[in-house]
Amino acid sequence: QVQLVESGGGLVQPGGSLRLSCAASGSIFRVNAMAWYRQAPGNQRELVADITSDGSANYADSVKGRFTISRDNAENTVFLQMNSLKPEDTAVYYCNAYIFHNWYGGRDYWGKGILVTVSS
């Protein structure tokens, strides 16, 4: 069994910063791509940022220049540094990872989500 556990969410004022963490644990042979998604009430879940196993990152246009995704492969952990936060960043943020259980097979995993609220 594999689990993804997010941490670091909470309430922050507009213009502030937060850093989210997501640690994968369990039966892991290899962690491939990792990503952060978010979903606000009434909205579809959207990709915020993703990062390959070698560190190549991509960002949604809405967060480009403000957010930074990174990873620590030794700890099977992905981070999302969020700066210059805006009220529209308010959402439940979900960690996602494709994890191989052996040389040949794996599947997509999701964390439970963590709430980020940007408000005065």
Side-chain angles (χ1 to χ4, degrees):
Q1 183 74 356
V2 171
Q3 292 183 328
L4 302 180
V5 180
E6 301 104 334
S7 62
L11 174 65
V12 65
Q13 295 186 172
S17 297
L18 284 175
R19 190 176 81 151
L20 304 182
S21 300
C22 172
S25 62
S27 182
I28 298 171
F29 176 75
R30 186 176 188 270
V31 179
N32 279 21
M34 305 185 81
W36 288 97
Y37 289 74
R38 68 186 182 187
Q39 187 169 22
N43 293 353
Q44 290 187 311
R45 187 173 299 184
E46 63 175 347
L47 176 65
V48 177
D50 61 10
I51 185 167
T52 65
S53 59
D54 65 352
S56 180
N58 296 285
Y59 300 91
D61 288 341
S62 59
V63 307
K64 196 170 297 181
R66 299 188 297 121
F67 291 10
T68 302
I69 189 170
S70 61
R71 63 191 290 166
D72 183 342
N73 290 333
E75 298 294 332
N76 294 324
T77 300
V78 63
F79 305 94
L80 186 68
Q81 178 66 47
M82 303 183 292
N83 299 326
S84 302
L85 283 161
K86 304 174 180 179
E88 49 263 47
D89 295 318
T90 296
V92 176
Y93 284 70
Y94 296 89
C95 178
N96 171 264
Y98 192 91
I99 296 174
F100 279 91
H101 303 291
N102 52 52
W103 186 263
Y104 304 101
R107 73 173 185 88
D108 214 41
Y109 286 88
W110 291 90
K112 293 181 179 179
I114 189 165
L115 180 63
V116 171
T117 302
V118 185
S119 176
S120 298

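The figures that follow rest on heavy atoms only: side chains count, while hydrogens, waters and symmetry mates do not. These numbers were taken from a predicted model, which means no experiment stands behind them.
- Residues R38 and N43 have side chains not in contact (no heavy-atom distance under 4.5 Å, counting atoms from C-beta outward).
- Partners of L115 according to the side chain to side chain contact (heavy atoms under 4.5 Å, CB included) rule, which considers only residues two or more places apart in sequence or in another chain, are V92, T117.
- The two residues S17 and N83 make their nearest non-hydrogen contact at OG-OD1, 2.8 Å.
- Checked by atom type, the side-chain pair N32/S53 shows no donor-acceptor distance below 3.5 Å.
- For the residue pair D54 and S56, no side-chain donor N or O sits within less than 3.5 Å of a side-chain acceptor on the partner.
- Connection of Y104 to Y98 is established within a shared hydrophobic cluster, with ILVMFWY side chains joined at heavy-atom distances below 4.5 Å, either directly or through further cluster members.
- Taking the charged nitrogens against the carboxylate oxygens, K86 and D89 have no contact shorter than 4.0 Å, which rules out a salt bridge.
- The two residues V48 and Y93 come nearest to each other via the heavy atoms CG2-CE2, 4.2 Å.
- Both I28 and L4 belong to a common hydrophobic cluster when Ile, Leu, Val, Met, Phe, Trp and Tyr are linked at side-chain heavy-atom distances under 4.5 angstrom.
- Checking side-chain atoms of E6 against main-chain N and O of G113 turns up a donor-acceptor pair under 3.5 Å.
- Residue E88 qualifies as enclosed at atom CD: its count of foreign heavy atoms under 6.0 Å is above 12.
- Listed here is the closest heavy atom pair of R71 and V31: NH2-O, 3.3 Å.
- Other residues, nucleotides and ligands contribute only 12 or fewer heavy atoms inside 6.0 Å of the CD atom of Q3.
- The only option from I51, T68, D50 that meets the side-chain contact (heavy atoms from CB on, under 4.5 Å) definition with Y59 turns out to be T68.
- Here the OH atom belonging to Y94 is positioned 4.5 Å from the CZ atom belonging to R45, to the nearest 0.5 angstrom.
- Nearest heavy-atom pair, M34 versus C22, reported as atom, atom and distance to 0.1 Å: CE-O, 4.5 Å.
- Two different hydrophobic clusters hold F100 and V78 under the rule that ILVMFWY side chains link at heavy-atom gaps under 4.5 Å.
- Under the 4.5 Å side-chain heavy-atom criterion for Ile, Leu, Val, Met, Phe, Trp and Tyr, L47 and W110 are members of the same hydrophobic cluster.
- Follow the hydrophobic side-chain contacts under 4.5 Å out from L18 and you reach W36 in the same cluster.
- Side-chain atoms of V116 and M82, non-hydrogen and from C-beta on, do get closer than 4.5 Å to each other.
- Nearest heavy atom pair, residue I69 against residue A57, reads CG2-CB, 3.6 Å.
- Among all heavy-atom pairs drawn from A40 and T90, the shortest one is CB-O, 3.8 Å.
- For the ring pair (Phe, Tyr, Trp, His ring centres under 6.0 Å) test, no residue two or more places apart in sequence or in another chain qualifies with F67.
- To the nearest 0.5 Å, atom CZ of residue F79 and atom CZ of residue R19 are 5.0 Å apart.
- With rounding to the nearest 0.5 Å, the separation of CG in N76 from OG in S25 is 8.5 Å.
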